[in-house]
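Given the structure is predicted, the values throughout are model-derived calculations rather than measurements.
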Amino acid sequence: MNTSKVLIVGAGPCGLMTAVELTRRGVAVTVVDAEEEGARGSRAVLLWPYSLELFDGLGLRAEADKRGLNVQALSYHTAPGTVLRLPLDSHHAPLVLPQQDTGELLEEELRRLGGTVERGLRVTGLVTGPDSVTVTAHRADGTEVVLTADWLVGADGHHSTVREKLGIVFPGEQVPTSFLIAEGPLEGAFDTDSVNYYLGRTGVMLIAPLPGGKARISGTLDGGTEATPETARRMLDERGPGGLRFTEVTLASVFTSSERVANTFRAGRCFLVGDAAHVHTPTGGQGLNLGFADVRNLAWKLAGVIEGRYAPAILDSYDAERHAAAEQTVAATGRMTRNAVLGPVALLVRNTLMSLAHRTGVLARQLVPMLAGWQVRYPDALGLAGQRTPRGLPAPGTRSPAWPLEPDPDPIGRFQLVSMGPADGTMSRRGRGLAEEEPTLVTHRHRTTAGSGFVLLRPDGYVAAAGRETDFPPLVRALKQILPTPTLER
């Protein structure tokens, strides 16, 4: 019998990130995985800024940058010699990092924190109770292992055993489009600072630089086409700019996907993250990032409940918020995939509209923030938003580069109240007073402005509430409802 506070099933990147985020907060975790060794290969390679913030907080960003490649732009080649180049600033630029390196970095950090991964344990049974979860697992030799934990996180992928054992429905359908993914050293001139999209008459193809002088190409395939080096070279010749050649094809595979979102991401003391909760097409490189955002949403809440800083009811918001985020992302990637398989006439119209949107700046204002994750919105599942947000302040349930966490992350995982007004005005005094009264709940900083108001940021960077000075007392009352023993405002 093995016991821990949190049992994590699955040691892919999302499971490992969950383990590291909880362990660094002092929560004892056990991680098990059915495979004897960690997964190899590049697989998911784009880490968008919200994911990179997790690496910043863990002190792993420098090593991630060392192993990966920084992307400076997105380039859309709509016709020979026509390039719609969208430069990316630090708030929108992804890092190209092979999934194997992501997993290695996280597992190394978990070991540094004193944790380990128990490999070769395949979950075969799961029983939930009012106060604990019991899991039965088996080794390859048939040895049975029983594990108990107060909480369980299922991070065991698309074919999740945890989801199946919990009886959670995984509705959706197979996407009819297949994708080729091929990698290798690429000879010839292309923009190695960009993720390049070739939107020609013969089909859509992506070319992305990879570390080590390699590149990845990806594009839609006709049904029944095999993934071979010859297929990859033919796609490069037919859809690329010309003058590019694989000197060696180190990977050629067909990727099929589904669009599915689990009916619920929580069942009692069990939670789903990553592909166990949602899957979608690879367009836009959103998959791993969506999973990491699950982890970031869950970790501060679960750790806070375990530490006794938040009431258990706060965990109800995980499903509401992340289910909404998954639905938004699946819809967006679905639209992008359908745009990739347009007929000749529709393709011409699409490219013309993209060129117009690029000239007017609309393409950069809409597409880039969507890919970078800034447009995901949460419902007010915590009940903190209030009635109406004044103009000029960020809307609850959103994130904005203009309202960052300082510092990020807070070592405890507290809300951050940003008061506004005169340096020693009413809002400054009230904000300071709340932080002194509830030091494990809120930190405070002040912006000197002409108007008086506030913005409350959650530990994961999302806006919880924003309002005028008169909106502050109701916020305080609502905020204290998430404490283990709610208290009335004095």
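Checking Ile217, Ile207, Leu236 one by one against Tyr198, the side chain to side chain contact (heavy atoms under 4.5 Å, CB included) holds for a single residue, Ile207. Checking each of Gln99, Gln100, Arg216 against Ser42 for a side chain to side chain donor-acceptor pair (under 3.5 Å) leaves exactly one that passes, namely Arg216.
Heavy-atom minimum distance, Pro211 versus Pro98: CG-CD, 3.8 Å. The two residues Ser160 and Leu272 make their nearest non-hydrogen contact at OG-CD2, 4.5 Å. Counting all heavy atoms, side chain and backbone alike, Ala232 lies closest to Phe246 at CB-CE1, 4.2 Å. Across every non-hydrogen atom of Val261 and Pro171, the tightest pair is O-CD, 3.2 Å. Between Phe55 and Met17, the closest heavy-atom pair is CE1-CE, 3.8 Å. A pairwise comparison of heavy atoms in Met336 and Thr283 identifies CB-CG2, 3.4 Å as the closest pair.
Within the structure, ring pair (Phe, Tyr, Trp, His ring centres under 6.0 Å) pairs that include any residue of residues 167-194 comprise His158-Phe170 (at least two apart or interchain). Every pair passing ring pair (Phe, Tyr, Trp, His ring centres under 6.0 Å) that includes a residue from residues 276-297 is listed here, sequence neighbours excluded: Phe265-His278. Each salt bridge (Lys or Arg N to Asp or Glu O under 4.0 Å) pair with one or both residues in residues 159-182, not counting sequence neighbours, would appear here, but there are none.
Under the 3.5 Å distance criterion, the side-chain polar atoms of Thr329 are matched with a main-chain donor or acceptor of Ala325. One N or O on the side chain of Asn289 and one on the backbone of Gly285 form a donor-acceptor pair closer than 3.5 Å. Between the side chain of Arg269 and the backbone N or O of Asp150 there is at least one donor-acceptor pair closer than 3.5 Å. With hydrogens and angles disregarded, a donor-acceptor distance shorter than 3.5 Å links the side chain of Ser317 to the backbone of Ile314. Side chain of Thr23 to backbone of Ala19: a donor-acceptor contact under 3.5 angstrom is found.
A heavy-atom distance below 4.5 Å is found between the side chains of Trp151 and Leu315. Proximity of Val123 to Thr136: side-chain heavy atoms (C-beta onward) are nowhere separated by under 4.5 Å. For the pair Leu152 and Thr128, the minimum side-chain heavy-atom distance is 4.5 Å or more. Within the 4.5 Å cutoff, the side chain of Leu298 has no heavy atoms near those of the Glu21 side chain. A 4.5 Å side-chain heavy-atom check between Thr443 and Gln416 finds at least one atom pair inside the cut-off. In this structure, the side chains of His92 and Leu371 stay at 4.5 Å or more apart for every pair of heavy atoms. Within the 4.5 Å cutoff, the side chain of Leu22 has no heavy atoms near those of the Val20 side chain. In this structure the side chain of Cys14 reaches within 4.5 angstrom of the side chain of Leu288, judged on heavy atoms.
When the side-chain hydrogen bond (donor to acceptor under 3.5 Å, both in side chains) test is applied to Asp380, no partner is found at least two apart in sequence or on another chain. Under the salt bridge (Lys or Arg N to Asp or Glu O under 4.0 Å) criterion, Asp156 pairs with no residue at all, not counting sequence neighbours. In terms of the salt bridge (Lys or Arg N to Asp or Glu O under 4.0 Å) criterion, residue partners of Glu406 (sequence neighbours excluded) are, by chain and number, Arg445. When the salt bridge (Lys or Arg N to Asp or Glu O under 4.0 Å) test is applied to Arg111, the partners found at least two apart in sequence or on another chain are Glu107. Checked against side-chain contact (heavy atoms from CB on, under 4.5 Å), Pro401 has the following partners two or more places apart in sequence or in another chain: His91, Trp374. Every residue meeting the side-chain contact (heavy atoms from CB on, under 4.5 Å) condition with Ser400, not counting sequence neighbours, appears here in chain and number order: Ala402, Trp403. For Glu63, the salt bridge (Lys or Arg N to Asp or Glu O under 4.0 Å) partners at least two apart in sequence or on another chain are Arg67. Applying the side-chain contact (heavy atoms from CB on, under 4.5 Å) test to Glu118 and every residue at least two apart in sequence or in another chain returns Val32, Leu121, Arg139. For Asp316, the side-chain hydrogen bond (donor to acceptor under 3.5 Å, both in side chains) partners at least two apart in sequence or on another chain are Arg266.
For the atom pair CG (Leu86) and CG (Leu363), the distance works out to 5.0 Å, reported to the nearest 0.5 Å. Going from atom CG of Leu199 over to atom CG of Leu206 covers 10.0 Å, rounded to the nearest 0.5 Å. Rounding to the nearest 0.5 angstrom, the gap separating the OG1 atom in Thr161 from the CG atom in Leu166 is 10.5 Å. Considering CG of Leu110 and CG of Leu105, their distance stands at 12.5 Å, rounded to 0.5 Å.
Comment: Asp65 engages Arg61 in a salt bridge, judged by a side-chain N to carboxylate O separation of less than 4.0 angstrom. We find that Arg399 and Asp460 are not joined by a salt bridge, their nearest charged nitrogen and carboxylate oxygen being 4.0 Å or further apart. We find that Lys214 and Glu183 are not joined by a salt bridge, their nearest charged nitrogen and carboxylate oxygen being 4.0 Å or further apart. Electrostatic pairing of Arg40 and Glu104 counts as a salt bridge here, judged by a charged N lying under 4.0 Å from a carboxylate O.
Checking Thr143 against Asp141 by side-chain atom types alone, a donor-acceptor pair falls below 3.5 Å. For the 3.5 Å distance criterion, the side chains of Ser258 and Gln174 qualify, holding a donor opposite an acceptor.
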Apply salt bridge (charged side-chain N to carboxylate O under 4.0 Å, His left out) to residues Arg245 and Glu187 and explain how you reach the verdict. CA-CA 5 Å; Arg245 184 178 70 87; Glu187 188 178 74; 3.1 Å; yes
For salt bridge (charged side-chain N to carboxylate O under 4.0 Å, His left out), just list the numbers for Lys301 and Glu321, CA-CA rounded to whole Å, side-chain angles, deciding distance to a tenth of an Å, and then say yes or no. CA-CA 12 Å; Lys301 297 172 184 176; Glu321 291 170 355; 2.7 Å; yes
Determine, stepwise, if the pair Asn297 / Tyr378 fulfils side-chain hydrogen bond (donor to acceptor under 3.5 Å, both in side chains). CA-CA 11 Å; Asn297 185 295; Tyr378 285 165; 3.3 Å; yes
Could you give me the CA-CA distance, side-chain angles and deciding distance for Thr148 and Ser132, then say whether side-chain hydrogen bond (donor to acceptor under 3.5 Å, both in side chains) is met? CA-CA 7 Å; Thr148 63; Ser132 64; over 6 Å; no
Checking Arg112 against Glu108 for the salt bridge (charged side-chain N to carboxylate O under 4.0 Å, His left out) test, could you report, in this order, the C-alpha distance in whole Å, the side-chain angles of both residues, the deciding distance, and whether it holds? CA-CA 6 Å; Arg112 190 190 70 79; Glu108 289 167 6; over 6 Å; no
For Trp300 and Phe415: C-alpha separation, side-chain torsions, deciding distance, then whether ring pair (Phe, Tyr, Trp, His ring centres under 6.0 Å) applies. CA-CA 10 Å; Trp300 68 271; Phe415 287 80; 5.6 Å; yes
